[in-house]
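Since the structure comes first, as structure tokens, the remarks are kept for the end.
Positions are given from 1 along the sequence. As the structure lists them, so they are numbered: ligands from 1, and atoms in each ligand from 1.
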Amino acid sequence: MSDTGGREYLAIPGPSVMPDRVLAAMHRPAPNIYEGALHEMTATLIPDLKYVARTEGHAAIYISNGHGAWEAALANVLNPGDRVLMPATGRFGHGWAEMAEGLGAGVEMIDFGTSRPLDPNRVEEALRADHEGRIKAVIATHVDTSSSVRNDMAGLRAAIDAAGHGAILMADCIASMGCDRFEMDDWGVDVAVTASQKGLMVPPGLGFVFFNDRAIKARARVERVSRYWDWGPRANPEIYYQYFGGTAPTHHLFALREALNMIREEGIEAIWARHARNARAIWAACEAWGQEGPLTLNIRDRAHRSHAVTALRIGLPHGPRLRRWVQDHAGLTLGIGLGMSEPGDEKGEGFFRMGHMGHVNTQMIMGLLGGVEAGFAALDIPRGGGALAAAAAELARVEG
Ligand SMILES: *Cc1c(COP(=O)(O)O)cnc(C)c1O
């Protein structure tokens, strides 16, 4: 609880801020799930989801969080004993790979650490070495939310093609879809997964799997997919309940309908541009603070940074004190560091993250940065000056 009154801001990388329109859309009685308006509305979600993913492919909706979408995607394309290649750039890459292991797949890991993007050349080499074609999928995070690195998915496709390898390309877009430019079809991504609570601005609880015809071919060689995870009936339901393998997540669907209305109204290109501008403002402030004192951005090169989340290091004792201060006195919650140290190592407390995904505008970015500036001042943490002015200068570059 904050002692300040006013509206609180959960500036973590998901769940993201929910628009009032989305919240209001859920405030209604339960609908008839057997016929009528709910059925018609559900059908309208699919083209709009595909608009956000930039695909002409297929979309399946699951009642799950992102981990469920991870498992759903893998369960449709892997037999036990198949191999997957994971070029990991943070905790979420390792997490998805562990999911594949849990399904009986063998994981070939290329670990790029936590502060740089993956190198497609290394992936190409690994695929060239796979003479027997045992690797069935290259799985990668577009944005790894723990490190806030953004990876080159088109480059990964080029690497697979250059190696002349038949593996499909699967992308975790949970932190990036609706925030960072993502072009599923143009970039040659075969399977993309996302979840409701980040760029899509809906409460946690829906997972989405997008897949193309190449992925359908991969699905055809899988001996057994559980009824619940099978994407076939969900993407091409003959009767309504097949969309969700049971009762529809009614109020999440109302929320999603409204969020997609908002995305359509703003336009996906404009949304990407807004996220880029907000991210540049945050980087400018953090780079200014970092001129003197302990704050550093985890990803040094701007070209490899996410536009939706920024991972920072400030060290001990500042990290936990700053997070506590802004939580208690500024109505602001920052994200904890994730995957930046060994579990149990208290140095991990010296990291934190700013979430700036989804329903976030200029005054919220300045509020986030201003809250942190107040925390720095209150705690007397050494820092460079001019951070807020640098952020404002970035935000002032609005066209029109
Ligand atoms: C949030 C996130 C996940 C996990 O999603 P949950 O809904 O917490 O299961 C996985 N991958 C990435 C890149 C994420 O940002």
Scan for ring pair (Phe, Tyr, Trp, His ring centres under 6.0 Å) pairs involving residues 350-386, sequence neighbours excluded, and state none if there are none. Trp289-Phe376

Give a yes or no on whether a salt bridge exists between Glu258 and Arg28, defined as a side-chain N under 4.0 angstrom from a carboxylate O. no

Look only at the side chain of Asp180 and the backbone of Ser306, and say whether a donor-acceptor pair between them is shorter than 3.5 Å. no

At a 4.0 angstrom heavy-atom cut-off, ligand 1 is contacted by Asn65, Gly66, His67, Trp70, Phe92, Val143, Thr145, Asp172, Ile174, Ala175, Gln197, Lys198

Would you say Glu346 has more than 12 foreign heavy atoms packed within less than 6.0 Å of its CD? no

A quick test of your reading: do over 12 heavy atoms of other residues, nucleotides or ligands sit less than 6.0 Å from OH of Tyr51? yes

Could you check if a side-chain atom of Val52 sits within less than 4.5 angstrom of a side-chain atom of Met177, using non-hydrogen atoms only? yes

